Each structure stands twice: as structure tokens, then as C-alpha cells.
**Q** 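Take a look at the following structure, please.
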Amino acid sequence: MIKLKDLAKTYQKAKEPPVKAIDRVSLQITPGELVAILGPSGSGKSTLMNVMGLLDRPDSGEYLLNGQAVHDRSDDELAALRNRFIGFVFQSYHLLPRTTALENVQLPLLYADRKDYKKRSEAALVAVGLSDRMNHFAEELSGGQQQRVAIARAIVNEPSVLLADEPTGNLDSVASGEIIGLFRRQCQEKGTTVVLITHDLEVARAADRIIRIRDGAVETDDSGRPVVGGAV
């Protein structure tokens, strides 16, 4: 589903030395896999997620998404691919507080002019265990419930890839475990590829595979693939 080869991204600020946010990263992530990308703050993991999510462009290297080369596409093409293949979940839920859970989940479908928006959004909330909270305002929900709404919103278009950036960072251990369970069911039942970006080893251990990243390069990958010069 995701294949990166020698991907690199460097940031340059005025009067400061360049920073290699991604340093020749090569890796493969297969359909239905639950992968954790683990690293400390500043390791480059969020930049890597932004590139995988087509929110940012690499300076060099190749990126294949579902077999399609995407590193050299136009902005409009990237937006279309992002809408078709990718869903996002963030640490901050980004919900509209005075809007119901159902209305929050409906938003992506309304922007896409989907006529079946009500049926699909209800099904997404049922899938995350919130059938009894559909008409509650977001501000009336617990943190774990708000993250479930955010996940429902992310999966309502049935993306092939779900990218989650520190999705349990604001939750207690019980709610965190429930959220990881939702991701695993999404992998098993829908064949979704889920990539967790985290600095928390306990969260990472819940994944099928842990890729450790530091200073923009892959340190280890417990898939058993060799790591040479920051590449997997």
C-alpha cells in the first residue's frame, strides 16, 4: 500500500543550518497492516506522516501509494488522491463543539456532495461504538468519545490508509486501549492500513510492527527487514 524509497526532506531557516527532517527513508507498509512509527519529539516522524499523507512534498526520493507514483503529482492531483485513499486522526480531535457527533462525521461527505451522507455517517458512528451518542454535542462527550467521533469522521469515506498522529496523547490508559482496539478492528474487518505516529512505547507495542525513527532516519524495523544507512 505504501512504498517509500530514499525519501528525503530538508528544512532551511534563514541564518540557520539546514535540518534533515527525513533522511533517505525507505520502507514498505502492506495493506491491512497496523504499524507504529516511534520516535522522540523532533525525530521527523510527523514530517514523515505529512509526506505519507500527501500534505507535504519530499525534496527527493520516490513514494508509491497503492502502486501509484505520487511524489511528482500536481497539487490538485494530490488533493484528489488524499480524498480518495487517506484518512487522518490527530491528538486534538478538531471537532466543532456546538455540533452533534453525527453532524461532525457528516462534514467530509457534505463537502464531497455525497447523497448518502446520513446513512454512511450513522454507520461510521455505529462502527466506533457511538450509536447512542449520535445526537450529543461534541462538547458533551468525554475525551475518548470525542476521539471516537474523530475516527468515525476519518473512516466515513472508507480510506485505504488511516494516519493517526499521537491519537491517544490526550486519553487515559483505558480510553487509549479502546482507541487502539478500534484501529485493529479497522485493519482486520476493512483491510485498512493504519499507521500510528507516537512517542509512547506502550502505544507502539500494540501495533503489529514498530519502526523506530531518530534524526529523520529509520533506526530499527521489527519486521525483520535489514536497516542500512537509515533505509529499510
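Here the structure is a predicted model, which is why all the values come from computation and not from measurement.
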**Q** Between Asn157 and Pro108, which heavy-atom pair has the shortest distance, and what is it?
**A** ND2-CB, 4.0 Å

**Q** With distance as the sole test, does Arg214 use its side chain to make a donor-acceptor pair with the main-chain N or O of Ser43 at under 3.5 Å?
**A** no

**Q** Any chance you could lay out the side-chain contact (heavy atoms from CB on, under 4.5 Å) test for Tyr93 and Asn170, step after step, and finish with the verdict?
**A** CA-CA 10 Å; Tyr93 320 124; Asn170 291 329; 3.6 Å; yes

**Q** Check this for me, if you would: do Arg57 and Asp72 make a salt bridge, where the nitrogen-to-carboxylate-oxygen distance has to be below 4.0 angstrom?
**A** no

**Q** Between Met52 and Tyr11, is there shared hydrophobic-cluster membership here, with clusters defined by ILVMFWY side-chain heavy atoms closer than 4.5 Å?
**A** no

**Q** Is there a donor-acceptor pair closer than 3.5 Å between any side-chain N or O of Asn83 and the backbone N or O of Ala79?
**A** no

**Q** Would Phe183 and Thr192 count as a side-chain contact (heavy atoms from CB on, under 4.5 Å) if you check the C-alpha gap in whole Å, the side-chain angles of each, and the deciding distance to 0.1 Å?
**A** CA-CA 9 Å; Phe183 289 140; Thr192 308; over 6 Å; no

**Q** To the nearest 0.5 Å, what is the distance between CD1 on Ile2 and CG on Asn66?
**A** 10.0 Å

**Q** Measuring from atom OG1 of Thr198 to atom CG of Asp165, what distance do you get when rounded to the nearest 0.5 angstrom?
**A** 9.0 Å

**Q** For Cys187 versus Gly32, what's the shortest heavy-atom pair and its separation?
**A** CB-O, 3.5 Å

**Q** Same cluster or not: are Met49 and Leu81 linked, directly or through other Ile, Leu, Val, Met, Phe, Trp or Tyr residues, by side-chain heavy atoms under 4.5 angstrom apart?
**A** yes

**Q** Is there a continuous path of hydrophobic side-chain contacts, each under 4.5 Å between heavy atoms, that joins Leu55 to Val25?
**A** yes

**Q** Ignoring hydrogens and geometry, is there a side-chain-to-backbone donor-acceptor pair from Arg73 to Ala69 under 3.5 Å?
**A** yes

**Q** Return the minimal non-hydrogen interatomic distance between Ile210 and Asp222, and the atom names on each side.
**A** N-OD1, 2.9 Å

**Q** Looking at side-chain heavy atoms only, is the closest gap between Gln91 and Gln147 below 4.5 Å?
**A** no

**Q** Just jot down the side chain to side chain donor-acceptor pair (under 3.5 Å) partners of Glu202, sequence neighbours excluded, or say none.
**A** Arg205

**Q** In chain order, what residues pass the ring pair (Phe, Tyr, Trp, His ring centres under 6.0 Å) check against His199, with sequence neighbours excluded?
**A** none

**Q** Restricting to non-hydrogen atoms, name the atom on His71 and the atom on Tyr63 that form the minimum distance, rounded to 0.1 Å.
**A** ND1-N, 3.0 Å

**Q** If you define the side chain from C-beta out and look only at heavy atoms, does anything of Ile213 sit under 4.5 Å from Leu38?
**A** no

**Q** Test Thr193 against Leu162 for side-chain contact (heavy atoms from CB on, under 4.5 Å), laying out the working first.
**A** CA-CA 6 Å; Thr193 300; Leu162 195 59; over 6 Å; no

**Q** Go through Asp208 and Val35 one step at a time and tell me if the side-chain contact (heavy atoms from CB on, under 4.5 Å) criterion holds.
**A** CA-CA 6 Å; Asp208 301 321; Val35 176; over 6 Å; no

**Q** Sequence neighbours left out, what passes side chain to side chain donor-acceptor pair (under 3.5 Å) with Asp116? Give chain and number order.
**A** Arg114

**Q** Is the shortest side-chain heavy-atom distance between Ile197 and Leu48 below 4.5 Å?
**A** no

**Q** Regarding Lys20 and Asp215, does a basic nitrogen lie under 4.0 Å from an acidic carboxylate oxygen?
**A** no

**Q** Parallel, tilted or perpendicular, judged at 30° and 60°: which one describes the rings of Phe90 and Phe88?
**A** parallel

**Q** Does any part of the side chain of Lys119, heavy atoms only, come nearer than 4.5 Å to the side chain of Leu109, both counted from C-beta?
**A** no

**Q** Within this structure, what is the CG-OG distance for the pair Asp56 and Ser46, rounded to the nearest 0.5 Å?
**A** 11.5 Å

**Q** Can you measure from CG (Asn104) to OG (Ser121) and round to the nearest 0.5 angstrom?
**A** 10.5 Å

**Q** Side-chain contact, heavy-atom cut-off 4.5 Å: Leu130 with Val149?
**A** yes

**Q** What I'd like to find out is whether the side chain of Leu163 reaches to under 4.5 Å of the side chain of Val89, using heavy atoms alone.
**A** no

**Q** Please check if Met134 and Ile151 belong to a single hydrophobic cluster, counting links between Ile, Leu, Val, Met, Phe, Trp and Tyr side chain heavy atoms closer than 4.5 Å.
**A** yes

**Q** To the nearest 0.5 Å, what is the distance between NZ on Lys45 and CZ on Arg212?
**A** 12.5 Å

**Q** Is a donor on one side and an acceptor on the other found under 3.5 Å between the side chain of Arg24 and the backbone of Asp6?
**A** no

**Q** Answer yes or no: is there a side-chain heavy-atom contact under 4.5 Å between Val105 and Tyr117?
**A** no

**Q** Nearest 0.5 Å, what's the CG-CZ distance between Asp75 and Arg82?
**A** 8.5 Å

**Q** For the backbone of Glu33 and the side chain of Thr30, can you confirm whether one donor and one acceptor N or O come within less than 3.5 Å of each other?
**A** no

**Q** Check whether any side-chain N or O of Asp59 sits under 3.5 Å from a backbone N or O of Thr10 as a donor-acceptor pair, and report yes or no.
**A** yes

**Q** Answer with yes or no whether the hydrophobic clustering places Phe85 together with Leu78; edges join I, L, V, M, F, W, Y residues whose side-chain heavy atoms lie under 4.5 Å apart.
**A** yes

**Q** Compare all side-chain heavy atoms of His94 with those of Arg153 and state whether any distance is below 4.5 angstrom.
**A** yes

**Q** Tell me if a side-chain donor or acceptor on Arg185 pairs with a main-chain N or O of Lys190 at a distance below 3.5 Å.
**A** no

**Q** Between the side chain of Glu16 and the main-chain N/O of Lys13, is any donor-acceptor distance below 3.5 Å?
**A** no

**Q** Is a side-chain N or O of Glu189 found less than 3.5 angstrom from the main chain of Gln186, in a donor-acceptor match?
**A** no

**Q** For Asp23, does its backbone N or O pair with a side-chain atom of Lys9 as donor and acceptor, under 3.5 Å?
**A** no

**Q** How close do Ala101 and Leu141 get, counting heavy atoms only, and between which atoms?
**A** CB-CD1, 4.3 Å

**Q** Arg148 vs Glu178, test: salt bridge (charged side-chain N to carboxylate O under 4.0 Å, His left out). Steps then yes/no.
**A** CA-CA 9 Å; Arg148 286 171 178 261; Glu178 293 172 349; 3.4 Å; yes

**Q** For Thr168 and Ser176, which heavy atoms make the closest approach, and how far apart are they?
**A** CB-OG, 3.4 Å

**Q** Run the salt-bridge test on Lys3 and Glu62 with the 4.0 Å N-O cut-off and return the result as yes or no.
**A** no

